[in-house]
Structures are given as structure tokens and as C-alpha cells.
Amino acid sequence: MRVAVISAEAVPYSKTGGLGDVAGALPKALKAVGIDSVLITPCYLQTKGEYLWNTAIEDLNVDWRGGVYPAKAFYSEANGSPTFLIDAPSYFHRDSIYGYTEDHERFAFFNHAALVLLKRIGAAPEILHLNDWHCGFAAVELAEKRRWDPFWRNTRSVFSIHNMAYQGGFSNSELWKFGFSSDFARGAFSFNGFASAMKAGLEVSDMLSTVSRRYAMEIQTVENGYGLDWLTRQRANRLIGITNGVDYEVWNPATDPELASHFSIDDMAGKQACKRDLLEAFSLPVEMNRPIIANITRLTAQKGIDLMMQIAGEIVHAGAYVISLGSGEKKYEDFWQSLRDYAPRQVGVYRGYSEPLAHRIEAGADMFMMPSKFEPCGLNQMYSLRYGTVPIVRAVGGLDDTVQNWDAVNGTGNGFKFGPYRADRFLEKIYEALFAYGDPDTWSAIQRNGMSQDNSWENAARKYVDLYRWTLD
Ligand code: ADP
């Protein structure tokens, strides 16, 4: 089976969040289970030159907006599987990956260029695996082309939702510029008087998936459907949830090159060295018995920062260290800074994005808090589990699927989990975790339950293969 994965970001070429991790790792995992896959992603200004192995296509002439866009395509296998990176400087050589008023045009172009490239490089894929709103355009183009272009006749589409909250809305009046002028295409995009790339992908793709089982149900509700819950309900028999995997070649405390010392479930000594290293990195006094509660995230409302703001003072008074790595909305950045000013001997803050620091925090912290409002899958809780860092999460989306609440009577559970989006419920779980931390045997049991959980990509890749087969049937 031949699969083409198309994504707006993919590790190591680009990443702003979980989509990048998933799109980078899935093709490699598919290859490992015998699937012939190719990844197509843009070449951004941020994509490191060392990852661009060679120029595969010098003259990828893309028919675009009535003319020809002279793009190029680089080739690489830096993510462990064949990848083409579309180089279109006016669209992708910018200061950031997203955030421009014409993002819809940038990704409409990317989608069309990806299809042009696939036709250029050989036989059509049987599965076109599209990801998030950025790929809604290709879903429609494929559905249209299948009717008259024999090249695409046997290609089927799978559309994966990584975050329903971002829908790629724009004015209907622009559709014709991107080649979408048929009634079919206009109808597919049309949503409340606008055009929505997410809606188009959901409506016309052959099969739908999302990144956890619980989220597959949540996006069928008014609360998490962002106006499209009627459509996900309508297509529920074609929608499945597959929990993301973790790339254990990148996130493995026994081999992670970023760590001060290595450790594993059988030998935890190194975790103490990592804790010391982390405290020193943040210029905090080294008191090894004080627990570290950490957070790494994009600072947006989705991630439950409002709940953290409400209880941060209590956590500090309870005696724990608090460490935050993240950037985003100013009010949240200001909050972390003011907490640091309030308790400089207990609070460490790094405003920005740092992959190496993310690894050191996962290894050195004792607990990881993730009280998200909604969380399609979430990756950090899974990294935490593997690094013996106990997650404290809200029971939503993938957090609910991957974290089980600690049960002291039976000795089961790998973390602490609360339900309602309320600061008092969150604080209760923090106190429970601090209490459990006080008993080394209990703590070690919780850590071991987490470290032995298998969230590998191999499991997830096999489920995707089943989905692809199901789609072709
Ligand atoms: P989302 O995709 O909603 O941002 P996920 O938990 O699925 O959330 O994935 C977030 C990914 O981005 C994780 O790999 C996390 O470590 C990483 N990340 C987020 N913010 C930062 C940051 N400031 N520095 C380093 N890594 C970050």
C-alpha cells in the first residue's frame, strides 16, 4: 500500500505543536510496519538546511492563480522516511510558520503543489492522508479530480483532526482564485456565510480520524465541535479515534542526549541528577526533597492556564517548586513572570520555545500539570509518563485516554486526574499528588505504572493501517 501523508508541519523540519510531532513520526512508523509512505510538507525559513538533503525537483511549475508558480522540492529522510519539502519562498520563507491573514492561500497553494508533486513523482498513492484544516483544500481537489483524471481514480482520502478549534476560515469570494469554482467545491467549503477548510475536509474526505478515542466523541458535541458537531455526528460512522504515539527514539530517558544523566524503570538513580541539573538551570536552590511541578506548553486558554493562575499561590505555599516553559498570550506570560517575581527561590520560568529544555524538564521534574480545557491528544503527558514524571491532568480528550487516576487501594494508576474545569478540583489533585510524593514507595509505584505503559508509535501505526485498509474497502 502506498500512502502520502500531507502536513503543514512535521518534525524535524518544522514544529509548533503536536501536529508536527505526529506528522514527523507517523511515516517512519508506517515504514516500520511495511507501508510505503511519503511525507509532503512545506520548506519554511525555520527548516534547517542540514535537513534538506538534495533538490529533488528544480522546476515544480505549479499552475496557480492563472499563472505558474516556479516552486522547487527538496528531498530528505531526516525524519526516517522519504520526505519532499515544497519550497515556495513567497509563501513559506517568513518569520513564523502561521499567523498571516492569507494563511488560507498559503496552504491552498501548498495542497495544490503537493498534488502536482505526487503526479510528477510516480504512481498515485492509494491513500492521501490529510491533516487538519491546512489540508482541507487537497480533500476537495482530490474528490473533484477523481471524477475525470484517471491518475487519481483509485486514491482515497483520510482526514485527521488534530485540533477542531482551528478551522481555517476565509471569505467565500476567494475560492475561485484557488481553482474552486464548481458547485460541489463551493458547497463543501461553505460554512455560515464563509469558507471553512476544516469543514471541507470533514465533508468530502472518504474517512475521518482524530487523535484520541475520547476526542472522537467530544467533537460530536456542541461544546467541542466549534459549530461543526452536526457534521461530525453525521459522519460518525466514518470517524475513529487513534491515540497518538510517542517517538521513543526521541523521548527515551535511557538514551536522551539532552539529559545530564540517563535512567530507566530499572535504574532510577539518574533522575536525581536530572533534577539537580534542572534546578541549577533555573538558578533555583537545590533542595532535592522538594517536588518540582512543571508545565511545558503553548500559553493559550486551551491549556488551562487560567486554572494554574488561580492556584499557583497555593502550590508555592505548599512548598513545591514550579517550573514553566512556554510562550504565547501576553497575559499568561505576564502571570508566569509575576509568579517568579513573587517566589524567586521556588519558581523558574523560561519564556520561549526550547526543545532541549523541554527534554531536561521532563526528566528533572517530579510532576507535570496539564489541566487543559480541551486536549485532542496531548503529548507531554505521555512524555512525562515515560520519564517517571507523574502527570496531573484534567479528564478530557487524550489526557483521559492515557492517564489513569492513582488508586492507593489497588496500586493501579499512573497519575492524578480530575473532571470539572474548576480550580478547586485541580488543587485537590495537586494536594493528593504532593501527599503521595511524601511516601517513596507509593511514588515509585505510580512512576513505574507510568514508565511501563506502552504508547509507542508501532501500536498507533497498526491502527492507521487498519483504517487505510478499511478506507480502501
Ligand atoms: P499542542 O499540539 O496543542 O500544542 P501537544 O501536547 O499535542 O499540544 O504537543 C505540544 C508539543 O509541543 C509537545 O511536543 C511539547 O513538548 C511541545 N512544546 C510546546 N511548547 C513548547 C515550548 N515552549 N518549548 C518546547 N516545546 C514545546
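Ligands are counted one by one from 1 in listed order, and the atoms in each one are counted from 1 as well. We use all heavy atoms of the structure for the numbers below, so side chains are in, but hydrogens, waters and symmetry mates are not. Worth saying up front: this structure is predicted, and the values here are computed from it rather than measured.
- Residues passing the side chain to side chain donor-acceptor pair (under 3.5 Å) test with His112 are Asp63, Glu141, sequence neighbours excluded.
- Salt bridge Asp103/Arg106: present, at least one basic N to carboxylate O contact under 4.0 Å.
- Partners of Tyr421 under the side chain to side chain donor-acceptor pair (under 3.5 Å) rule, at least two apart in sequence or in another chain, do not exist in this structure.
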May I have the N/O to N/O pairs between ligand 1 and the protein that fall below 3.5 Å, each with atom names and distance to one decimal?
from, atom 1, to, atom 2, distance (Å)
ligand 1, 2 (O), Gly18, N, 2.6
ligand 1, 3 (O), Arg298, NH2, 2.8
ligand 1, 3 (O), Lys303, NZ, 2.8
ligand 1, 4 (O), Arg298, NE, 2.7
ligand 1, 6 (O), Leu379, N, 3.0
ligand 1, 8 (O), Lys303, NZ, 3.0
ligand 1, 9 (O), Gly18, N, 3.2
ligand 1, 14 (O), Lys15, NZ, 2.8
ligand 1, 14 (O), Asp21, OD2, 2.8
ligand 1, 16 (O), Asn380, OD1, 3.1
ligand 1, 16 (O), Asn380, ND2, 3.4
ligand 1, 23 (N), Gly352, O, 2.8
ligand 1, 24 (N), Ser354, N, 3.1

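- Ring geometry for Phe137 versus Phe189: interplanar angle of 30 to 60°, hence tilted.
- In this view, Arg469 satisfies the salt bridge (Lys or Arg N to Asp or Glu O under 4.0 Å) rule with no residue, not counting sequence neighbours.
- Side chain to side chain, Asp132 and Tyr166 fail the donor-acceptor criterion of an N or O pair below 3.5 Å.
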